[in-house]
Protein chains: 2
Amino acid sequence: MRNIQDSELLEKYLEEFQINRMFHQSKQLPYHMQQYHSGEIIRFEGMEMNSLLFLVNGKARITSSIETGKALLLRFIYPLSVIGDIELIRDVPVQSQVQAVDECLVIGIPFDYIKKYEIDNPRLLHMLLEHVSFKLQTCTTASRVNLLASVENKFASYLMSTLSPDADNEFGIELQTSSVKEIASLLGTTYRHLNRVIASLIEQGIIERQKNSIQILNWKELEKAANGIRYK
Amino acid sequence: MRNIQDSELLEKYLEEFQINRMFHQSKQLPYHMQQYHSGEIIRFEGMEMNSLLFLVNGKARITSSIETGKALLLRFIYPLSVIGDIELIRDVPVQSQVQAVDECLVIGIPFDYIKKYEIDNPRLLHMLLEHVSFKLQTCTTASRVNLLASVENKFASYLMSTLSPDADNEFGIELQTSSVKEIASLLGTTYRHLNRVIASLIEQGIIERQKNSIQILNWKELEKAANGIRYK
DNA sequence: TAATGAAAAGGACATATGTCCCAAAAAAGG
DNA sequence: CCTTTTTTGGGACATATGTCCTTTTCATTA
């Protein structure tokens, strides 16, 4: 992690994502800016959190683990995403680990400042509510699909949700990855078993594996395998 | 469902749960009040929603289903709970079904009114944020535990989270039920398989089945079976 | 008190899935 | 270009779990 002292860069992103518009602007806000390398942990699970963060550049992966060491990949995030909303509102430690997938830049503003000067600002509260509501809606969807559908069902739904041309779907974008390992982690299964399912779908002539991706050969049959289920 | 026209009763609950304090009080708010029988559906999945609802009496179960007909029991709710927060903020149809467990009373206020007069009210926004944040935090927990742990792990964790005397835990209270059928639905498994797990824990001398509940005989061994995992 | 119906529990079987480890393929480095 | 390391994919085995249906137990009614 590196602190970035570059007021022009800061200004650029505050303007690009209209972060300033969420806060009262009567005075200079105590923003800080940090850069994280690919693979670096932005926030560890269980740690105390002190700032509300905005991801303004790069891509990060959000994971949640249990005491046995297994982890579920919840989603990927892109600009503009908020990190620390639950921690601000509920005053709890970091709930899910945030890890940079490529180089990331985050802008932060201290919880103390927000609580002292901005906690009743409707624009901020609206922004937080919209982000948290989206996360709850999609978390509930993933929860039920991941638990109630078979791995073949889930994988077919995943492909329909992320690759289908009519998938104009925010959650599908957050789940998109071409790594079989990461897809397994998103669906809560093992790499081995997902490979069995992929092999089975290839054998049925529904998909074909390419160098770095999966190609759909039969959308109709894939839709049947998905049972109409979508991640959205 | 029956509409209740009883301004004294309405006043009583508005006062008891301080619902009035969340809104501007410069004029009479267009509250409506409905009563639902045990087993009656308060809100169906997929339906359009027009009012923000407060559960002020009774208990209701929240479930979420997939297109194959299987359903996951997300939680039980008690007064004071909010129904329709996601639907208000994100302008989407009902995401999860709400069904009365016993006789329920809800007070509603139309979305149109909220959007016209109260949408920037910090007290309302705070109340909504707190409820939605709690739901997201607990949904994420349930999501990862339910997917990554075995049914025996999950059931032991469930017992530790709901029956343990030091379980001073809001989510544990929302998950509490003595019905094996409902516990199976909460954990995303079948009634048959949960009974195997219960039989196994009885055989290990960890629990014993009573007339209408489960008794813990060995907290230490149960904690081991739970692997330190909790629903909270 | 006995019969009937409903609810709860279990047997049998098949499939899905996890685990462990080995083999093959691809990528990286000298 | 060859060797080594890393990544990807699959074999084998065991266990977990779902499905279907039967049996047992409990509750209700006559």
Side-chain angles (χ1 to χ4, degrees), chain A residues 38-39 61 65-73 101 144-158 177-204 206-215 225-227 229, chain B residues 38-39 65-73 101 143-158 177-204 206-215 225-227 229:
Chain A
S38 171
R61 95 168 41 85
S65 60
I66 59 173
E67 286 73 356
T68 59
K70 288 181 173 181
L72 181 66
L73 176 47
V101 169
R144 69 171 183 263
V145 175
N146 282 345
L147 254 174
L148 302 176
S150 68
V151 174
E152 182 162 309
N153 252 180
K154 292 195 277 190
F155 183 56
S157 305
Y158 173 83
T177 174
S178 54
S179 158
V180 170
K181 209 167 207 163
E182 289 183 327
I183 298 175
S185 189
L186 276 163
L187 307 186
T189 187
T190 60
Y191 173 82
R192 180 70 190 93
H193 193 55
L194 184 54
N195 261 313
R196 287 187 191 112
V197 166
I198 290 172
S200 171
L201 290 174
I202 290 171
E203 197 185 330
Q204 296 173 56
I206 297 177
I207 63 173
E208 85 176 352
R209 203 194 291 250
Q210 294 202 333
K211 191 168 182 53
N212 212 20
S213 66
I214 284 165
Q215 211 69 33
N227 275 316
I229 295 163
Chain B
S38 172
S65 59
I66 59 173
E67 284 74 356
T68 59
K70 287 182 175 179
L72 181 68
L73 176 48
V101 170
S143 205
R144 69 171 182 261
V145 174
N146 282 344
L147 254 175
L148 303 177
S150 68
V151 174
E152 182 162 310
N153 252 181
K154 292 194 279 190
F155 184 56
S157 305
Y158 173 83
T177 174
S178 52
S179 156
V180 170
K181 210 168 208 164
E182 289 182 329
I183 298 174
S185 189
L186 277 164
L187 306 186
T189 188
T190 60
Y191 173 82
R192 181 68 192 94
H193 193 54
L194 184 55
N195 260 312
R196 285 188 191 111
V197 167
I198 291 174
S200 171
L201 289 175
I202 290 172
E203 196 185 330
Q204 297 175 54
I206 297 177
I207 63 173
E208 86 175 352
R209 203 194 293 248
Q210 294 202 331
K211 191 168 181 57
N212 213 18
S213 67
I214 284 165
Q215 211 68 33
N227 273 316
I229 295 162

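First the proteins, then the strands, lettered A, B, ... as listed; each starts at 1.
- Within the structure, every side-chain polar atom (N or O) of A:Y191 is placed at least 4.0 Å from both OP1 and OP2 of D:dT8.
- When the nearest nucleotides of DNA chain D are assigned to A:R196 and B:H193 by heavy-atom distance, the more 5′-ward of the two goes with A:R196.
- For A:I198 and D:dT8, the CD1 to P distance is 12 Å, given to the nearest whole Å.
- Atom pair A:K181:NZ and C:dA26:C1' shows a separation of 14 Å (rounding to whole Å applied).
- Atom CG in A:L187 sits roughly 16 Å away from atom P in C:dA16 (whole-Å rounding).
- Residue B:N153 contributes atom CG, which lies 9 Å from atom P of D:dT17 at whole-angstrom precision.
- When the side-chain nitrogen and oxygen atoms of B:S150 are compared with OP1 and OP2 of D:dA16, none of them lie within a distance under 4.0 Å.
- Here the nucleotide nearest the side chain of B:R209, chosen from D:dG9, C:dG10, C:dC20, is C:dG10.
- A side-chain contact (heavy atoms from CB on, under 4.5 Å) with B:I183 is found for one member of B:T189, B:L194, B:L73 and no other, namely B:L194.
- Counting only heavy atoms from C-beta on, A:R192 has its side chain closest to D:dG10 among D:dG10, C:dT17, D:dT19.
- In this entry the distance linking CG of B:N146 with C1' of D:dT17 reads 15 Å, nearest Å.
- Nearest heavy-atom pair, B:E152 versus B:S200, reported as atom, atom and distance to 0.1 Å: OE1-OG, 3.7 Å.
- Shown here for B:T177 and B:S179, the closest heavy-atom pair between the two residues is OG1-N, 3.1 Å.
- At whole-Å resolution of the value, CG in B:N195 and C1' in C:dA7 are 12 Å apart.
- Distance B:L147 CG to D:dT17 C1': 15 Å, rounded to the nearest Å.
- Remark: the backbone N or O of A:L72 is not paired with any side-chain donor or acceptor of A:S185 at under 3.5 angstrom.
- Not one side-chain nitrogen or oxygen of A:K154 sits closer than 4.0 Å to the OP1 or OP2 atom of C:dA16.
- For A:T190, a side-chain nitrogen or oxygen approaches OP1 or OP2 of C:dG18 to under 4.0 Å.
- When rounded to the nearest whole Å, the span between CD of A:Q210 and P of D:dT8 equals 17 Å.
- Counting only heavy atoms from C-beta outward, the side chains of B:T68 and A:L148 never approach each other to under 4.5 Å.
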